[in-house]
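Residue numbers run from 1 in the order of the sequence given. This is a predicted model, so every value here is computed, not measured.
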Amino acid sequence: MTTAVSDVFDVVVVGAGHAGCEAALACARLGLRTIMFTVSVESIALMPCNPNIGGSSKGHLVREIDALGGEMGKNIDRTFIQSKILNRSKGPAVHSLRAQADKSAYTLEMRKVVENQDHLVIRQQEAAEILTNKDLQEDPALQELLEQTLKRECNQKYSEYFTKNALFTVSTKNQTENVDDCTKIIGVRAISDAVYFSRAVVLCTGVYLKSRCIYGDVSQYTGPNGLMSANHLSDSLTKHGISLVRFKTGTPARIDARTIDFSKCEIQKGDTPVVPFSFSTDPKDVQIEQEPCWMTYTNEETHRVIRENIDRSPLYGGVIHATGPRYCPSIEDKVMKFPDKTRHQVFIEPEGRYTNEMYIDGMSSSMPEDVQVAMYRSVPGLENAEIVRNAYAIEYDCLSPKQLKSSLEFKKISGLFSGGQFNGSSGYEEAASQGLIAGINAARYCQKREPLVLLRSESYIGVLIDDLVTKENFEPYRMMTSRAEYRLLLRQDNADLRLRKYGYETGLISEEEMNRTELKRKQIKEEIERVSVLNIGTGKEVNDLLVSLGSTPLPSGVKLTELIRRPELQYEQLAPIDPDRPALPADVQEQVNIEIKYEGYIRRQKKQVEQFAKTESRHIPVDLDYDLVPSLRIEARQKLKDFRPTSIGQAGRIAGVSPADVSVLLVYLKQQENKKR
């Protein structure tokens, strides 16, 4: 008789980083029995690199996560120590909220949330294998274990699922029934040989798969912060036909604050008042005493130390073979690739309120320890710096994401989903975004509902996932505002107006939250209508106010909207000449100002989105045989067979597929439709 430990769940989530936490919370909050594996409970929502959430374009992602019912925005609102909106001097499309986190508080708060979430079990255990129905059919012992587990659990829901969906064979009089040719996930096996059967699995392994940390001649097979690496799952994934690649990222040294001369650095303060990340957070709750950050610069001495020791760099000496992120290079990369630059910015950021560790942003490295000491001590303010933790690079196995559907489900294995840095992206925010969508769709898979797929015309999350699944990514993907074609519509300030409806329909947003969003939408609409017909005369009070605000006096009366459209004026500044103005929340006033000021640009982008929607709604059959499509170029045929796009729009975004190829494909699809008719 089989004696291995076993259990059965709706969803197994492998990994408890930012992606894993969002995935597990989404599934559990939707009522599904969920288990989340982690190599260490202390690593739940760990921030192994930069101590902040948000930033350029990343702030948009966090706001969208919150609008859909995720946790990241709420958690950083509870644990930040400094907050500011970046790019204020530019237009609202690129305004991005960024908050310094208290690292340990962030992890502890998220751990508190997941540990107290109904339907969620946390297990410190390494997942060693994924299991599919094919494994079940080939392994009688595994089949026996499943049957024993189902009997023990006495749960009709699971019994019906595993039998009706033909996930294991039933032998009767030498005849096998209910054998399913489709590959479906049935759970995972842990390193202890325990088996956890499930209807869906979400892989959120981050940078832990066969991870190797490197600086100088030191090379250790560990995860970040000296945690265990996960050394078994990669082989199982490869065995099941999943293609893996090797990527790299890095982190700078941490310096003891007592050894830094801050008088030689420029202080960087937070914003007042603080704007919260979560639409559910009361702004009054985030007006706290903030911690300062500082800025300094590298110099020619720093660059000399690096150049003279570049042959000792693992990155340049051939020790590191994996590909790193282009948009977050190490300091040695900056110096070697931009020799004309005489200095580079360095930000000194606290890792928390109650620690002396300071994060040296802008100086990630894998140089030997002695070189690191010389390099950091050459920077003004760091002349006597004592390193608490050395900088290092980390290599890890991750996925080639073209193997995923837009729902983040694997194309070849039904019920298996993937999210986070394992998908070839970088950053906490990108990870959490994918984890949330993967978790939602794993839950919807179990509920037999259509997956949630966000379009790139309606969200940054849609841009992120679409880029991952339709483009060849030869380096860790980083979200940037320039990647979003419709960024004036996809602002961080209106994420709730754009995406709350999906969170509500999914079940992660309450009716109360949805009603609050609809009230906000109504207030914006009514106020825009009111000021659009409000006449402003040329009286002394009006012109005095305009002059005081640096604007030109009025020669004749105008609508209030005309004044708001002036670049130097804002809606809220004109309150003294608008006595009947209703008392509106700050976020409503912000929307009124933006919608009026950028009306023409917004209207133009909405027309572009309408054109985009036409190509996205033109679906391509999943089983289309591209070899039968005449006149397709060989490269396009290969790319289309490889990526398997679901729409004409998606096909057009694949590198190697030209507009002419898309036209050929459209003609062929039309011909096939006519034949069917």
Side-chain angles (χ1 to χ4, degrees), residues 59 63 66-67 73-74 77 83-85 88 91-93 95 97 270-288 290 488-489 491-501 503-504 509-551 553-554 557-599 602:
R63 278 288 182 86
D66 186 73
K74 296 180 179 67
D77 283 346
S83 177
K84 63 171 59 178
I85 292 180
R88 276 193 184 273
H95 290 177
L97 190 57
D271 288 346
T272 303
V274 171
V275 177
F277 267 105
S278 175
F279 295 101
S280 303
T281 299
D282 188 330
K284 295 195 295 293
D285 294 339
V286 293
Q287 309 311 317
I288 64 169
Q290 300 181 58
L488 185 55
L489 301 180
R491 306 182 309 275
Q492 66 166 12
D493 56 76
N494 67 1
D496 56 338
L497 299 170
R498 291 184 280 116
L499 301 178
R500 272 282 200 241
K501 58 186 177 184
Y504 178 66
I509 293 296
S510 68
E511 187 171 355
E512 179 186 357
E513 289 173 308
M514 193 66 225
N515 289 340
R516 199 158 54 235
T517 302
E518 289 309 311
L519 174 61
K520 177 180 176 180
R521 195 188 309 275
K522 179 173 177 287
Q523 290 175 324
I524 294 165
K525 180 176 181 292
E526 289 177 349
E527 182 62 359
I528 290 175
E529 290 173 350
R530 186 187 72 83
V531 299
S532 297
V533 296
L534 180 61
N535 289 307
I536 301 297
T538 58
K540 184 176 186 304
E541 180 189 3
V542 172
N543 283 332
D544 284 352
L545 177 65
L546 295 179
V547 170
S548 71
L549 295 173
S551 195
L554 288 176
V558 296
K559 303 295 184 192
L560 183 57
T561 49
E562 293 303 310
L563 291 179
I564 295 172
R565 288 192 183 102
R566 290 187 178 185
E568 68 276 10
L569 299 179
Q570 308 297 325
Y571 165 83
E572 59 270 22
Q573 294 175 316
L574 300 172
I577 58 174
D578 184 11
D580 297 325
R581 175 174 294 188
L584 296 170
D587 58 346
V588 173
Q589 294 185 47
E590 180 184 29
Q591 291 302 307
V592 171
N593 186 66
I594 292 171
E595 290 288 333
I596 291 173
K597 196 173 283 290
Y598 297 93
E599 180 187 10
I602 290 172

Which residues satisfy the salt bridge (Lys or Arg N to Asp or Glu O under 4.0 Å) test with R63, sequence neighbours excluded?
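If we apply the salt bridge (Lys or Arg N to Asp or Glu O under 4.0 Å) test to R63, skipping adjacent residues, there are no hits.
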
Can you name the residues that form a salt bridge (Lys or Arg N to Asp or Glu O under 4.0 Å) with R566, not counting sequence neighbours?
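Partners of R566 under the salt bridge (Lys or Arg N to Asp or Glu O under 4.0 Å) test: none.
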
So, does [X] use its side chain to make a donor-acceptor pair with the main chain of [Y] at under 3.5 Å?
X: N593; Y: I564; result: no
X: E568; Y: L549; result: no
X: D77; Y: P276; result: no
X: Q591; Y: D493; result: yes
X: K597; Y: Y571; result: no
X: R491; Y: L488; result: yes

Any residue meeting side-chain hydrogen bond (donor to acceptor under 3.5 Å, both in side chains) with N494, in chain and number order, not counting sequence neighbours
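side-chain hydrogen bond (donor to acceptor under 3.5 Å, both in side chains) check on N494 returns R498.
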
Test of understanding: with side-chain hydrogen bond (donor to acceptor under 3.5 Å, both in side chains), list the residues that count as partners of Q589, not counting sequence neighbours.
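side-chain hydrogen bond (donor to acceptor under 3.5 Å, both in side chains) check on Q589 returns nothing, list empty.
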
Charged N to carboxylate O under 4.0 angstrom, [X] versus [Y]?
X: R516; Y: E512; answer: yes
X: R88; Y: D271; answer: yes
X: E529; Y: K525; answer: yes
X: R565; Y: E599; answer: yes
X: R500; Y: D496; answer: no

What residues, two or more places apart in sequence or in another chain, satisfy side-chain contact (heavy atoms from CB on, under 4.5 Å) together with L519?
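Residues passing side-chain contact (heavy atoms from CB on, under 4.5 Å) with L519: Q523.
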
Set of residues satisfying side-chain contact (heavy atoms from CB on, under 4.5 Å) with respect to V547, sequence neighbours excluded:
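Scan of V547 (side-chain contact (heavy atoms from CB on, under 4.5 Å), adjacent residues dropped) gives P553.
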
Of all the heavy-atom pairs spanning S83 and Q290, show the shortest one and how long it is.
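So the two residues come closest at N-OE1, 2.8 Å.
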
Euclidean distance, [Y] [atom2] relative to [X] [atom1], rounded to 0.5 Å:
X: Q570; Y: I594; atom1: CD; atom2: CD1; result: 9.0 Å
X: L569; Y: L545; atom1: CG; atom2: CG; result: 8.0 Å
X: L534; Y: E527; atom1: CG; atom2: CD; result: 9.0 Å
X: T517; Y: Y504; atom1: OG1; atom2: OH; result: 11.5 Å
X: L560; Y: I536; atom1: CG; atom2: CD1; result: 5.0 Å

Going through the distances and angles, do I596 and V592 end up as a side-chain contact (heavy atoms from CB on, under 4.5 Å)?
CA-CA 6 Å; I596 291 173; V592 171; 3.8 Å; yes

Using a 4.5 Å cut-off on heavy atoms from C-beta on, say whether the side chain of [Y] contacts that of [X].
X: P92; Y: E590; answer: no
X: V531; Y: L574; answer: no
X: F277; Y: D66; answer: no
X: V275; Y: H95; answer: no

Going through the checks in order, is the side-chain contact (heavy atoms from CB on, under 4.5 Å) test met by E518 and M514?
CA-CA 6 Å; E518 289 309 311; M514 193 66 225; 3.1 Å; yes

If you count heavy atoms of other groups shown closer than 6.0 angstrom to NZ of K559, is the number above 12?
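For K559, atom NZ is crowded (more than 12 foreign heavy atoms under 6.0 Å).
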
